[in-house]
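Only one structure is covered here, and it is reproduced in the block below.
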Number of protein chains: 2
Amino acid sequence: MGKLREPLSELATCGLPSALEVMGERWSFLILRAAFNGLVHFEEFSSELGIARNILSNRLSRLVENGVMRRSPCEHDRRKIEYRLTEKGHDLLPAMLALRQWGEKYGENVSPELVLVDAEKGQPISPISIHAADGRELGWHDLAWKARDEVGKDGKGEGC
Amino acid sequence: MGKLREPLSELATCGLPSALEVMGERWSFLILRAAFNGLVHFEEFSSELGIARNILSNRLSRLVENGVMRRSPCEHDRRKIEYRLTEKGHDLLPAMLALRQWGEKYGENVSPELVLVDAEKGQPISPISIHAADGRELGWHDLAWKARDEVGKDGKGEGC
DNA sequence: GAAAAGGGTTGCGAAACAAAACTCATAAAT
DNA sequence: ATTTATGAGTTTTGTTTCGCAACCCTTTTC
């Protein structure tokens with residue numbers, strides 16, 4: 001450990017603040033989860049989540065603004081509106097599952113009856129984790145920082 | 001798609017709300033990132049993050065309460081206190097990286113100079129994603145729910 | 001044409017957040 | 001030994017955000 005001191009101010013420009021700006025507010029992740037589970041209408045989100053209507057309205061707008069969801073009026077019933085995940089929204093699935101798995105591992109009274117499985121084989125998915133390009137699983141101490149413009153030169157960094 | 005309607009109320013008991021209760025407040029994830037980068041002292045977090053002192057104090061307390069960080073007085077300088085990640089805290093790394101990668105993929109002006117690499121080979125880590133037990137990469141449509149007490153029986157679910 | 005459903009907006013009190021000043025214990029400097 | 005500085009907080013005082021209830025407007029249903 002150590003050796004990670006100098007890059008710190010540099011790290012301020014990493015993707016995390018940017019991600020949190022979009023998904024960091026209360027409810028955003030729960031709305032996302034509901035969307036993954038097939039909910040599309042305002043009233044569905046409202047009654048599933050028990051969130052206040054003005055906040056829900058605000059969050060949906062923000063998610064749409066940020067390209068995570070798409071808002072489209074319903075054809076056959078023009079009172080209704082559909083909120084659906086975009087590609088960008090679908091790309092949040094790993095982050096959401098990682099968070100969720102962590103919550104399940106450590107949460108107090110969390111032992112869900114239902115489990116996510118690989119639909120083809122019926123086996124539970126494996127815990128989300130970090131992998132090297134060649135597939136080896138990595139922990140924090142197996143990682144190092146490297147300047148973007150010189151990846152793939154030496155080897156044997158000293159990890160953290 | 002479809003077929004995910006009935007489990008919904010059941011899903012309320014998944015790990016996500018529990019995870020968000022611990023990590024869902026403003027700053028929690030950024031404090032975590034700073035901790036991963038080796039910061040340990042109150043003043044370090046304070047000056048790195050630019051967060052108000054009372055909020056930082058509150059967040060650190062909460063993270064300690066929830067077992068994400070450990071608080072220990074410094075031996076050789078008893079003014080100082082060290083905040084370090086616990087095992088539980090380290091286990092948040094995949095979630096944090098997934099979020100971060102998403103932010104880097106879609107964020108406006110985010111193209112960090114430094115990149116996380118596999119320390120051994122010097123190659124960038126692969127994007128965090130979802131894998132079946134046998135290693136196949138999975139998307140949302142390859143997933144299905146299954147009752148916990150009967151995993152590993154049929155196969156060929158219809159995905160979502 | 002009245003009632004209900006869907007998707008919001010408005011107004012207001014409660015809670016969370018932020019900025020600055022203040023405390024208190026320890027450590028360093030003189 | 002006294003002063004000064006540091007580290008880690010608390011307190012005080014505003015400012016946003018949240019949450020609830022009520023209201024509004026449009027489209028459907030009866």
Side-chain angles (χ1 to χ4, degrees), chain A residues 5 8 12 16-17 19-35 37-66 68-85, chain B residues 5 8 12 16-17 19-35 37-66 68-85:
Chain A
R5 199 50 28 93
L8 279 176
L16 195 60
L20 291 173
E21 212 158 305
V22 178
M23 297 304 298
E25 289 164 307
R26 198 165 294 182
W27 295 111
S28 298
F29 260 105
L30 292 171
I31 291 173
L32 188 84
R33 183 193 63 170
N37 286 326
L39 303 205
V40 291
H41 296 297
F42 190 95
E43 298 292 340
E44 289 178 314
F45 289 109
S46 173
S47 65
E48 167 73 11
L49 299 175
I51 178 179
R53 305 173 68 78
N54 55 345
I55 305 299
L56 176 57
S57 174
N58 177 289
R59 289 301 178 277
L60 287 172
S61 303
R62 262 183 68 79
L63 290 173
V64 169
E65 265 177 42
N66 287 298
V68 171
M69 297 185 97
R70 181 191 339 283
R71 184 197 129 112
S72 51
C74 237
E75 296 298 297
H76 50 292
D77 184 345
R78 264 171 341 214
R79 292 171 303 179
K80 291 190 184 174
I81 292 207
E82 290 186 351
Y83 290 95
R84 294 184 180 283
L85 292 171
Chain B
R5 200 49 30 94
L8 279 177
L16 194 59
L20 291 173
E21 212 158 305
V22 178
M23 297 304 298
E25 289 163 308
R26 199 165 295 183
W27 295 110
S28 298
F29 260 105
L30 292 172
I31 290 172
L32 188 84
R33 183 193 62 169
N37 286 325
L39 303 205
V40 292
H41 296 298
F42 189 94
E43 298 292 340
E44 290 178 314
F45 289 109
S46 174
S47 66
E48 166 74 11
L49 299 176
I51 178 178
R53 305 173 69 78
N54 54 348
I55 305 297
L56 175 57
S57 174
N58 177 289
R59 288 302 177 278
L60 286 172
S61 302
R62 262 183 67 79
L63 289 172
V64 169
E65 266 177 42
N66 287 298
V68 171
M69 298 184 99
R70 180 192 341 282
R71 184 198 128 112
S72 52
C74 236
E75 296 297 298
H76 52 291
D77 184 345
R78 252 138 29 175
R79 293 170 300 180
K80 291 190 183 173
I81 291 205
E82 290 186 352
Y83 290 95
R84 292 185 181 283
L85 292 171

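Below, chain A is the first sequence line, B the second, and so on; all start at residue 1.
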- For E21(A), the side chain to side chain donor-acceptor pair (under 3.5 Å) test, sequence neighbours excluded, returns none

- Set of residues satisfying side chain to side chain donor-acceptor pair (under 3.5 Å) with respect to E65(A), sequence neighbours excluded: none

- The side chain to side chain contact (heavy atoms under 4.5 Å, CB included) partners of I81(B) (sequence neighbours excluded) come to R71(B), Y83(B)

- Message: For E82(B), give me all partners under side chain to side chain donor-acceptor pair (under 3.5 Å), at least two apart in sequence or on another chain.
- Response: R84(B)

- Query: Between which nucleotides of DNA chain C, read 5' to 3', does contact with chain B run, using atoms under 4.0 Å from its heavy atoms?
  - Reply: dC17(C) to dA27(C)

- Note on the structure: Contact string for nucleotides 5-19 of chain D, one letter per nucleotide 5' to 3', B = base within protein heavy-atom range under 4.0 Å, S = sugar-phosphate only, - = neither, reads -BSBBBBB-----SB

- With a 4.5 Å heavy-atom cut-off, do F45(B) and I51(B) have their side chains touching? no

- Set of salt bridge (Lys or Arg N to Asp or Glu O under 4.0 Å) partners for R62(A), sequence neighbours left out: E25(A)

- side chain to side chain donor-acceptor pair (under 3.5 Å) involving R79(B) - partner list, sequence neighbours excluded: D77(B)

